[in-house]
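Per chain, numbering begins at 1; letters A, B, ... match sequence-line order. Note that the coordinates shown come from a computational prediction; the quantities given were computed from them, not determined experimentally.
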Amino acid sequence: MAKNFTTREDNYSQWYNDLVIKADLAENSAVRGCMVIKPYGYAIWEKMQAALDKMFKDTGHSNAYFPLFIPKSFFSREASHVEGFAKECAVVTHYRLKASPDGKGVVVDEDAKLEEELIVRPTSETIIWDTYRNWIQSYRDLPILVNQWANVVRWEMRTRLFLRTAEFLWQEGHTAHATSEEAIAETQQMLEVYATFAEEFMAMPVLKGFKSPNERFAGAIETYCIEALMQDGKALQAGTSHFLGQNFAKAFDVKFLSKENKLDYVWATSWGVSTRLMGALVMAHSDDNGLVLPPKLAPFQVVIVPIYKKDEDKIRITEKALEIKKALISKGISVKFDDRESYTPGYKFNEHEFRGVPVRLALGPRDLENGTVEVARRDTMEKEVLQIQDIENKIQHLLDQIQDNLYQKALTFRDNSTHYVDTWEEFVKTLDEKAGFIYAHWDGTAETEQKIKEETKATIRLIPLIEKKEDGKCIYTGKPSTQRVVFARSY
RNA sequence: CGGGGUAUAGCGUAGCCCGGCUAGCGCGCCUGCUUUGGGAGCAGGAGGUCGCAGGUUCGAAUCCUGCUACCCCGACCA
């Protein structure tokens with residue numbers, strides 16, 4: 001059991017905050033709402049990036065980079081887009097400082113006022129579509145399949161490490177297509193990519209669906225999303241993919257000539273996931289002993305801790321440990337040999353457990369005698385002693401098992417936290433007593449959705465993609481409905 | 001941005017009501033010796049603008065005012 005560490009039952013949000021800081025993932029910075037992502041946390045993000053980036057490339061996308069700053073006028077071009085983001089934009093108004101009159105520090109030089117103010121991007125649709133205008137003349141220029149890895153700024157009132165910060169890292173894909181069908185297919189394809197990533201790499205099951213008009217991205221025709229369930233029964237939006245129709249093409253006058261020599265507006269998509277996934281990852285698997293990482297995203301999959309008393313043991317154990325390390329590396333397993341001398345084995349055990357290293361090997365004099373090694377897995381906290389012989393294959397198998405077990409555990413949890421309700425009383429009761437995803441009928445109006453939100457804080461997380469048509473009555477108004485939607489309280 | 005709370009060494013805290021501090025303790029840190037199969041022990045040592053700025057007072061960590069940051073609850077949101 002970790003020292004001075006809040007348990008989930010005791011205070012879930014405190015548990016999360018403590019975990020992020022004590023597992024060395026991130027910390028608050030001197031700038032309000034902005035975090036410092038520490039090396040260990042960033043290493044996990046890099047693993048996520050690498051996996052996603054490969055999936056983007058495999059589906060034909062290329063990376064590019066667009067400016068951090070966006071001319072203010074660009075924003076006003078697409079009406080609902082401005083409306084959605086205006087309240088949380090950081091604005092650059094000047095380009096120079098000068099020594100302050102009292103000689104203490106610097107002040108903004110009022111003479112250096114920008115002719116047109118610049119917005120720090122909260123998302124890049126506008127600058128990108130302004131650019132695409134010059135890239136696109138005919139159907140031969142399409143599709144454009146571009147992604148960018150970048151930071152964005154949304155001036156949030158209340159922030160939490162990874163889950164909501166004023167500045168965050170993400171990727172945003174922006175594609176341009178000749179037809180509506182192709183753009184919709186792209187939107188759905190990227191949703192699948194996100195779902196696959198969440199399930200295969202993060203070991204986190206997700207629901208796929210699309211948003212109600214209320215929850216839709218500002219400027220989109222349709223917003224698709226994946227939603228995951230956290231251990232406290234709250235939902236977390238883990239990724240979004242938007243079909244933007246011709247909204248941005250019209251706003252930025254991006255037209256192309258078709259094969260038939262007809263001029264038409266270009267069809268668009270955009271899609272993104274952010275460092276918020278780090279928060280999702282923490283909350284999906286971790287326990288009261290600290291972080292639990294799926295092997296596919298762990299900075300180190302295996303840590304080897306040597307145990308010795310005498311110097312001669314140390315030499316022999318180090319030699320054997322390095323041998324094991326080499327064998328594991330030959331199988332593509334990432335290994336850290338923790339030979340720090342200033343910490344005891346017990347200390348190291350606790351530290352690596354807290355940081356979520358999937359597998360720990362402990363190697364001492366007894367093991368040398370017997371040709372064995374002690375293997376401890378983080379997900380179940382089980383220990384066993386194995387023959388060193390063929391250890392690389394055994395560990396590889398174990399890592400696969402851990403990855404799978406984490407997914408199954410999360411899936412079982414989600415299944416047990418998914419409820420079907422048909423009456424308002426049941427709905428309110430389930431929300432308060434069980435939380436989780438609630439499938440219920442809704443009359444399809446924004447008013448009803450808003451009322452439900454006001455009364456219960458629950459929102460429609462998504463309208464399931466796989467349409468199971470089922471006649472029913474709206475839990476709030478009793479009006480007819482043809483399909484259940486998913487409600488939950490959310491992050 | 002509204003309501004509440006907190007701010008003392010790297011971290012966690014005592015002291016604050018009732019001013020007298022040369023600011024105490026635990027963890028961590030440094031040095032040495034002994035240790036090492038689940039957060040080692042002993043000895044010695046370093047480390048503080050008491051969040052910031054004013055004010056009251058012979059004297060302020062302590063009382064007053066303003067500001068800032070963080071936490072919790074709302075509104076907003078990935």
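Residues passing the salt bridge (charged side-chain N to carboxylate O under 4.0 Å, His left out) test with A:Lys320 are A:Glu323, sequence neighbours excluded. Applying the side-chain hydrogen bond (donor to acceptor under 3.5 Å, both in side chains) rule to A:His81 yields no partners; only residues at least two apart in sequence or on another chain are considered. Listed by chain and residue number, A:Arg340 satisfy the salt bridge (charged side-chain N to carboxylate O under 4.0 Å, His left out) test with A:Glu351 (two or more places apart in sequence, or in another chain). Scored by the salt bridge (charged side-chain N to carboxylate O under 4.0 Å, His left out) test, A:Arg77 finds no partners at all (sequence neighbours excluded).
Sequence neighbours left out, not one pair with a member in residues 289-311 of chain A passes salt bridge (Lys or Arg N to Asp or Glu O under 4.0 Å). Within the structure, salt bridge (Lys or Arg N to Asp or Glu O under 4.0 Å) contacts touching residues 223-243 of chain A (residues at least two apart or in different chains) are A:Lys211-A:Glu227, A:Glu227-A:Arg461. Every pair tested for salt bridge (Lys or Arg N to Asp or Glu O under 4.0 Å) that includes a residue from residues 363-373 of chain A fails, sequence neighbours excluded, so the list is empty. Residue pairs that meet the side chain to side chain donor-acceptor pair (under 3.5 Å) test with at least one member in residues 197-208 of chain A, sequence neighbours left out, are A:Glu192-A:Lys208. Listed by first then second residue, pairs satisfying side chain to side chain donor-acceptor pair (under 3.5 Å) with a partner in residues 33-47 of chain A read A:Asp24-A:Lys38, not counting sequence neighbours.
Nucleic acid contact for A:Gly33: sugar-phosphate only, since backbone atoms but no base atoms lie under 4.0 Å from a heavy atom of the residue.
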Check: protein-nucleotides 7-9 of chain B nitrogen or oxygen pairs below 3.5 Å:
none

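Near RNA chain B, meaning a heavy atom under 4.0 Å away, there are no residues from residues 314-328 of chain A.
In this structure, the CD atom of A:Glu27 is 11 Å from the C1' atom of B:G10, given to the nearest Å.
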Item checked: Strand RNA chain B in bracket notation, Watson-Crick/G-U under 3.5 Å with | for pairs to another chain -> (((((((..((((......[...)))).((((((.....)))))).....(((((..]....))))))))))))....
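Looking at A:Glu353, its side chain comes within 3.5 Å of the base of B:G38 through a donor and an acceptor atom.
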